[in-house]
Structures are given as C-alpha cells and as structure tokens.
Amino acid sequence: MSNGAGEIALSVRDLKKHFGGIKAVDGCSFELPKGRISGLIGPNGSGKTTTFNLLTGVLAADSGSVIYNGENISGLRPYQIFNRGISRTFQITRIYREMTVFENMLSASSMRVSEREARTRAEELMEFVTLTKLRGEYGGNLSYGQQKLLEFARALMTDPDLILLDEPAAGVNRTLLQNLLEHIHYLQEDLGKTILIVEHDMNVIMNHCEKIFVMDYGVKIAEGLPEEIQNNEHVIEAYFGH
Amino acid sequence: MLGAFLAVAYALPFAVGIYTESVFFDLQWLADFTTVLLNGFMQGGVYAMFGAGLTLIFGVMRIINVAHGETVMLGAYMTWSAFFGLGVDPLLALFLTLPLAFVWGWFVQKVLLNAVVGGPELTPLLMTFGLGLVMIHVVEAIFTTDFRTIPYLPDALRLSENISVGRNRLISFVMATVISCGVYIFLKKHRIGKAIRATAQNADVAMVCGINIFHIYMITSGLAAALAVAGGALVSIQFGFNPETGIFYTLQAFAIIVLGGRGNFIGAMIGGVMLAVMESMISFMVPNGTAMVELAAYGLMIFVLLIRPRGLLGEKTD
Amino acid sequence: MSNWEHLRNFVVLAAAVVALLFVPPIFSIYIRSFFMFMMLYVVLALSWNIISGYTGYVSFGHVVFYGIGSYATGILMVKAGWHWIPTLFAGAAVSGVFAAFLGYAVLRLKGPYFAIAMLGAAEGVRVIATVWESLTGGGDGIGFPNVENSWETYHAMLILTIITIIVAYWVGHSRFGIRLNAIREDEIAAQSLGVNTTFYKISALVLSAIFPAVGGGIQSYKVLYIEPDSEFFILVTIYMKLFAMFGGKGTVIGPILGAVILYSVQEITWIKFPTAHLIAFGLFIIFVARFMPRGLMGFAVDRGWARKGMVH
Amino acid sequence: MAMLELRNIDAGYGRIQILHDVTIDVSEGEVVCVIGPNGAGKSTTFKVIMGFINYLGGEIRFEGEDIVGKRPDQILGYGLGYVPQGRIVFNQMTVRENLEIGAYIERDAKKVKDAMDYVFTLFPRLEERQKQLGGTMSGGEQQMLAMGRALMTRPRMIMLDEPSLGLSPRFVTEIFNKILGLAKEGITIMVVEQNAARALEIADRGYVLELGRNRYEGTGQELLGNPDVRRMYLGG
C-alpha cells in the first residue's frame, strides 16, 4: 500500500450550508492528505458535524464542491457516496438497536459481493473489534463503548478508502478508547486508509492526528500540525473566549 | 405551488361539470350554486371545529389520534340518546355531553396515552386505532348498525327567492363558531390555555417553567374530545349516521389538519371550511357527486402531504 | 443459519403442506373453507409484514391490494370471459404496478403520515370502485356464474400460501430483508451505509402488494360475489395488522402463528358473539401495541426459546 | 453553609456516563461559573439538578434540602430558577405571555404583576416590546426574555446555561452586564459558559470541568491567569 506523500484524498472547496439565518458552514475549504489521519476540531456549534453531513450527503450543500477521486460528489445521495468508498460513523451512535451485531455488520455489505464473502468479512471484522462473542446480541443491548466499536467495524464492511469518524472517543472508557485508536492506526499505517476524525477529546486529536483543521463560526480558522494548533492564538481565543 | 394546486383542485369540479353539461351559468344555476356554497361554508364551520380538536392533540403531543372520528360518532349517539331517551333538545344536550366528553378524553389520555407520548410515534397511532375499533363495536352492540337521524329544524330558511339555507345548518354553524371561538379565547387568554400553547411549542421549557405537562396533556385530550363530541352533535342534526361513519370523519379531520398545518388551530379553521366548500362543489357539479365527495378529503390530503407537508399555515420547522 | 436448519424448516413446511392436502377431505366443506380462509390470512399477514414489519412503514390500507386483486378477477372473468387462473396473474401485475406508483409517492411520508395516506388510498380506491359503474358494477358489485369450486380454490390457496411463505422466508433470511430492517431501525444510517432506501422501500411495497392481490382473486372466485364494501373492507387491513403484530412483526413464523391462532379464535368466538370479538380485537391491538410490540416471537426470544435476529 | 451543594455527582444519558464524581458549591450571594472544553459536562450539571437526565449517585442540596428526584415545578418552588441553553423562548407567544408562563406556579395575580414590574425594571427593553412575539426578537433580546422568564418566580438563585452562546460580541457584553446587575440585586448566580474568559471576569469563583470531572477550582482571577487552564482547552 502506498502512503503516497503529498497526494490529496478529498478536497473541499468553499462549502456552504445555511439553515434559515444561521450560517452553519460558511465557505469552508480544506484538503485531506491521502493515507493520513487528520482531525477536525472547533468549539460547539462551529459547524463540524454539519460539514460531516455535507461530505456524506446526509445534507445537501447550498454551494461549493467536494472532490473525491477527481469527481465532484457534492449533491450525490448518501448511498452513492458510500458506494464510492467513503464511510462514516455518527456522533451519537446509529447502530440498529433491534438487529443483532452480526446483522448490523451484514447490512452494510456491498450487494455486489456474494453472501458467503460478506459473512466472512463480517466475521473477520467482528474478530478485529473483539465483538465475536456478542454476534447474536441485539445492538441495543450493547454497552455504549461496544456500540461505538460495532459502528466502527460496520463502517469498514466495504473496505472503504476514506473513513470519517464523528467523535469516536465520546462516552468510551480508556481501555476501549486505546483499543479503538490502535485499530485506527492499523488502518492508516498498514492498509493506507485516509481518516478524518471530529473529536472533543483534545488528547486524542493532538496525539494521534498528523494534520488538524480548526473551524469556528462555519469557517476554517487554522490548519497545521498539533503543536502549531496548540500555540495558535486564534485557536486559543476561539476556545477560551476573549 | 400549493396555491396553484388548490386553484386546480377548485377548478376541477367546474371542468367536470362543464364536460358533463351539468353547469349552465344561468340565473337559476347561479342561485343554486350560491346555495350550495353557502351550505358548504356552514358545514365547514362544523368540520373546522372537530378538525381543531385533532390539531390540538397533535400540536401538544405530536400524536395522531385516529379514534377522533369515532369520538365524533360517539357524540352523535350521545345526542341521539339525549333526544330520544330523555327528550332533551340537541343543543341543550351539549351542556350534558360536553362535560362527559371532556372526562372521556381526560380518561383516555391518563389511562392509555400518557405513557406513550414522546415514544415511537406509531405506538399511539396503533393504540388509538384499537380504541376506535372498540368504540365502533361497543356502539354497534348497543345501537346496531342501522342508520339514525335526528329530525331537528329540517326546514330551510329563504334568503331570497332562489337562495336558501337549512335552518339546522345555520344553527350548527353558529354553535360551531361559538364553541371554536370559545376554545380559541381560552387558549389565548386563560392561564391554562397559555400553558397548553407553551407545552405545544416546547415541552421541555414548559416543564422548566413549572408546568406539569402530563396534566396539560389530559386537559388537551379532554378539550379535543369535547370538540369532537360537539362536532358529532352538530353533524347528527344534519346527516344520518351509523357506528361506522367515524372513519370518514377521522380522514376528514386528518385532511383538514394536513391542509391547515399540523398543530395550527387557525389553520384547522381555514382547512375545515376549504374542505367543506370543495365537497359541496363536487356533490353539486360532479355526476355521482355524493360518493365522489369522499375522494375530496383523500385527494387533498395525499397531495398536500406530498407537495407541501407542512400545510397552508404550517411552520417551516415541521 | 446453517444448512441443516434451513433443511429442518423446509421439512416442517412440507409436513404442514402434506397435512393440509390430506386432512381436509375427511371433513366437511365448512372445515375446508375454514382452512382456506386461514391460509388466506396467513398470506395477508405475511405480506403486510414485508412492508410494515421489516421496513417499519405501517400500512393502514393494505386491503387496497387485496381489493384490486378481487376486482381484477371479477372483471376479467365475468366481463372479459377469462379463465380464472390467468386473472390471478393479471391481478398480481396490476396490484404490483399500482403499488410501485403509489409507493413512489407515499413512501416519502414517514410514520403516521404514511399509515394514514395508505388508509386514504384504500378508501379512495373503494370510492372509485363504487362510482365507476361501467367497469365494476358500482355498489351492486359483480356476481359470478355459480359453480362448485371449493377444491380448486382450496388448492390454489395452498399453492399461494406455499409461495408466499417461501418468499417471506427468503426475505427473512437474506441481506434484502436485513436492509429492509435497517431502514426500519434508522433510515439515515441505512442510507449512509449504502442502502438505496427509495429502491428498497418501493420493492418491499410491491412485493407486499402481489400476494394479497392473488389471495383476493382466489377469494372472490370462491365466494362468487364481490362488492366494494366487502373487498375494500377496512377490517381486512385490521386483521393483517393484528395477526402480524400479535405473532411478531419482522419475523417469518410470527405472522403465520398470529394468523393461525387469531383466525381460529375469531372463527370460534364469531359464532357466539358477532360484535364482541371485534371489541376484543380492538382491546387486543391496544394491548399488543403497548405491552408486546415484538409480539409472541419477541416473548419467545426474551425467554431464550428462540434466537435473536433473522440470520445467524 | 452553601446555598447549592453538589457532592460527588455521577450522571449520564442512558448508558453513557457523563459526570464522574463532580463536586460544586455555590454560596449565597456568589457568582460562580463552570467552564471547560466541549464535552466537559457543564450543561449536564444543570440537567441533573433539574432532573432531566439519569442521576446515578451523589448528593444535591438546595438550602439544605435534598432536591434529588424533585420535579421542575417543585424545584422552582424552592426558589431556584433555570435558564436553559440556546435562548429558547416561546416563539409564537408575546413577550408578556412568555413572562406570564414563567410565573405559572404563582396563582396570586398580584404577585405575578409585581414580578412582571420587577422584570421590567431589570430589562426595560422587554417592557417596550411586551406585545412582540418572542420569535421575532433578536438573539440578545431573546436571551434577556429567557432570563426575565426565569426571574418571574422571584428565585433566590438562578442557573444560566451558556447565556452567550451564538450571540454577537455586542450582546455578549450586554448580557454579562445584566448578569452582574442580577448579582447586585442579591441573586445568587451559577453560570455555565463556553466563553471562559468573559465568564471568569465576572465570576467570584469558578470551576473547571474536563471530560465530566473536576479539574481546577479557584477565584475567577486565579483561573483566568492560570496558563494550565488555558492550555487544557487544546489538550496536553
């Protein structure tokens, strides 16, 4: 797998989304480096989750473009974007509560692969996130941390190239978080995946992301390496007030 | 878009009428047409009233009560019983039936629905559906499936040589208007009415203001049941009814609140009149009109849901 | 699920079929038609379950497809002189196409709005059936030439039931069914995980419209008379809904169990208390919706008598 | 003795525990602020006091009275007011009606009238606009209306959840001035804020939460001058 230095996985240009008078995302541009882990941060209400929803087609952008593999995917339906190799998790987990762990996994398999292949892949991924023992349990009966793991594993069913994680650490205990972070690093280092994380837990962002984008009031106010971000006065002001 | 749709919808009966040569545009026809519109408008007042009951429940609890039409039907039977059993005038009977209806709504809310408000939205739908089935067949067990009518002021009031209004319609319209206005003023001015509106707008904040929202839910359901029973009383002096007529009223009430915007009291008033006028036009100009009237409610409802789900006066955030 | 388990289930189905082929001849015509109508309700409950149990779009007007099938058979047999068997296929086709168009429109509505739009659609088609006298005979209905057909219709219903169960079984054990379930659980998540929800919802509605149409057709030929009020009777929808909910929506065995048990109960109580059983069913719907939303099968799963989920 | 005492609070939503062993005291007459990065559990602290989320353990006392498990109307009755986050007013009701709803638990018309006058002296702009619909006012005015509504029961203590959220800088200043004004009236105040710098400037004391746990506490000025607090917002 190439970790092609300098290549761009996804390019966001001047993305806008207004809800009535509220400018949730107001002309945001950034480029995700291919094969790297990037972080997207910002105070509450700065537009991070809206950005995620725009990238994955859950919301339709008012204007702007999202370029992925040379194609403008802005305006496509969520399943079309998913089928192009972009997968995501949600801020508050959206596992299927009255379906078993195994069914949750199978639901995300591509219909182009055979049932047997899909089952094998589901088994492997359940093993990967240590949920094999719970394969016959309803999603709703899992602990919150286990639900996070399930959602993460489910997002990998189609072997996507770009993985968007919305607050993977929220509500997860330390051990499980460590486990999850190891998986994320494995995906990036060994399989060459591109990963974007939105996260409130700054320790996760600063210690695990190579590049960080900071949003405030719907626009990008800074980008750079963790140390640069930690010492950026604008970022500190955005978070701490002035 | 909705405006254009409604214009087409209202033009349609004319088009069919002209095509089937039942529309003439001479003086006699125009007078008949005016009579029909006037009667439709008055009937609209009654529709508006029980439609407002359904919209009130939806507005406060986000529940669709599909037994609402059955409560209308129940009101008709209560009035019938008072008239033939006790010899009470149908309008005076309201003093008896409305408090009973309030208690009924209160009771249904407390026993059945309070536990499921805010949960999966299909649960209350299924429960009220079951409740409606029970109501139909209990009434059927007592009164059989025969159609019943209440002979009450059946003569017409002549406004001019060719234009007349049924006296029972006029009285129904006046009563419905008085009751609807009464409820509206209650919602606007009374402390509890204000609390009902506050709960409809934001139940969490209403709680923080010290409002016991479950108490409000029960009052709302009681009011809605009273509006439905009042509707039933006023329907019963105009039309025949049997235990199974309730479904039709549920669909009408639903069409009215879809048209007017869910949870919007004034919207329900406008929606009720619009639907009734449309119905009277169809029954006047379209062959087989009396059967086709039912299509008006379904057609309007489905198209408004598809074209503009929030209705005429609905809020954008719906 | 292992192949062994599939095999076991098919053996059970085959045994039931053999029993239904050879037991009824011993009994009277009454018992035979009792079994026939029971099978009809198995078909109806299983069909309703495909759109409403798996996908979660609860239909309050499913009788519309049954009525369309009845009328297709009635019109084509009596007015066009067709043999009764091809009319069943025609009814299925008309119903399926109607479901596709209707679904494209109303499956955009959620929860109660879909439910009531379906109720409106069914009532609307009933009115059309009443008004369009030249085609449907209006309120007078259509009478068929009198023939003794209780064996033919019994066997046709048995075949329909087998086909419906096999299709329901496939839905209930395939990724198609899992995707329908995903739509029920969380439509946005399902879309974000590659499910073209519009396509799947319409497919489910079409599938759930075909079998009731055939059932309606067989039934109309059996009773030899149809009219709008009986073929678009809301009670048929109520039965579908209650039977499937009681047995356990979103399962294969649930609607079968629900239909067999409750149809038998209503048939027994009907004789003694014609309206009381409907009051009881109303109370029953309230009870099931409130206290056992996953039905008998949910009850069994909670006690460890059945495994969770549809694939293993 | 503290007016409001939170001792070792554990709380969360469903299966997710948000607060771990959180302890906060507010004494009579104080302005106390609670700050911390996103996801610190600041607003959750208020929600557990009002009984909106799962309480898992610990003690909550208001003027010595145990208020765990009490309904919001009972808590209001004790003299503890609450202004929820997001300046939520009843959009379709007039300013005056909004205030009347705030006094719902008070049945004595005279007292409602007095409370209304009191709120109007604190927020003259609300008196000017009393016939206007809540939803048509600007963000800052809505925040004042939400505060006025909570003051209608004449509480001795008031809890404000992110009063500056989403407001333009001019209104942020105005709102913080109003909060200081309430403090001068003798009302005890607890405020949760994202805009930490501003909140610490007006606060007597502050608590810093991180990931649902107590991290620092001290006077407003101490915390404002503490570089560790500042840095904590960005990790490390």
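Numbers restart at 1 for each chain; the letters A, B, ... are given by sequence-line order, proteins then strands.
- Contact annotation for A:Thr56: neither backbone nor side-chain heavy atoms come within less than 4.5 Å of a heavy atom of chain C.
- For A:Arg77, the part lying under 4.5 angstrom from a heavy atom of chain C is the side chain only.
- Not one N or O on the side chain of A:Arg94 forms a donor-acceptor pair closer than 3.5 Å with the backbone of C:Ala190.
- At least one donor-acceptor pair under 3.5 Å links the side chain of A:Glu103 to the backbone N or O of C:Val311.
- Across all non-hydrogen atoms, the minimal contact from C:His312 to A:Arg119 is O-NH1, 2.8 Å.
- Side-chain contact between C:Ser192 and A:Val58 is present, with heavy atoms from C-beta onward closer than 4.5 Å.
- Among A:Arg154, A:Glu151, A:Met111, the residue making the largest number of heavy-atom pairs under 4.5 Å with chain C is A:Met111.
- For the residue pair C:Leu193 and A:Tyr96, the shortest heavy atom distance occurs at CD1-OH, 3.7 Å.
- In this structure, no portion of A:Met157 lies under 4.5 Å from any heavy atom of chain C.
- For the 3.5 Å distance criterion, the side chains of A:Ser109 and C:Arg175 qualify, holding a donor opposite an acceptor.
- With a 4.5 Å cut-off on non-hydrogen atoms, C:Arg179 touches chain A through its side chain but not through its backbone.
- Within a 6.0 Å radius of CD1 in C:Ile188, other residues, nucleotides and ligands contribute 12 heavy atoms or fewer.
- For the pair A:Gln80 and C:Asn196, the minimum side-chain heavy-atom distance is 4.5 Å or more.
- Put simply, the side chain of C:Arg307 does not reach to within 4.5 Å of the side chain of A:Thr100, judged on heavy atoms.
- Other residues, nucleotides and ligands contribute more than 12 heavy atoms inside 6.0 Å of the CD atom of A:Glu71.
- In this structure, the side chain of A:Glu98 does not engage the main chain of C:Glu185 through any donor-acceptor pair within 3.5 Å.
- For A:Phe19, the CZ atom counts as densely surrounded, since its 6.0 Å shell holds more than 12 non-hydrogen atoms of other residues, nucleotides or ligands.
- In this structure, the portions of A:Tyr138 lying under 4.5 Å from any heavy atom of chain C include both its backbone and its side chain.
- At a 4.5 Å heavy-atom cutoff, the contact between A:Asn141 and chain C is made by side-chain atoms alone.
- A:Met99 has its side chain within reach of C:Ile178: a pair of non-hydrogen atoms, C-beta onward, lies under 4.5 Å apart.
- Salt-bridge check for C:Lys308 with A:Glu137: passed, with a basic side-chain N closer than 4.0 Å to an acidic carboxylate O.
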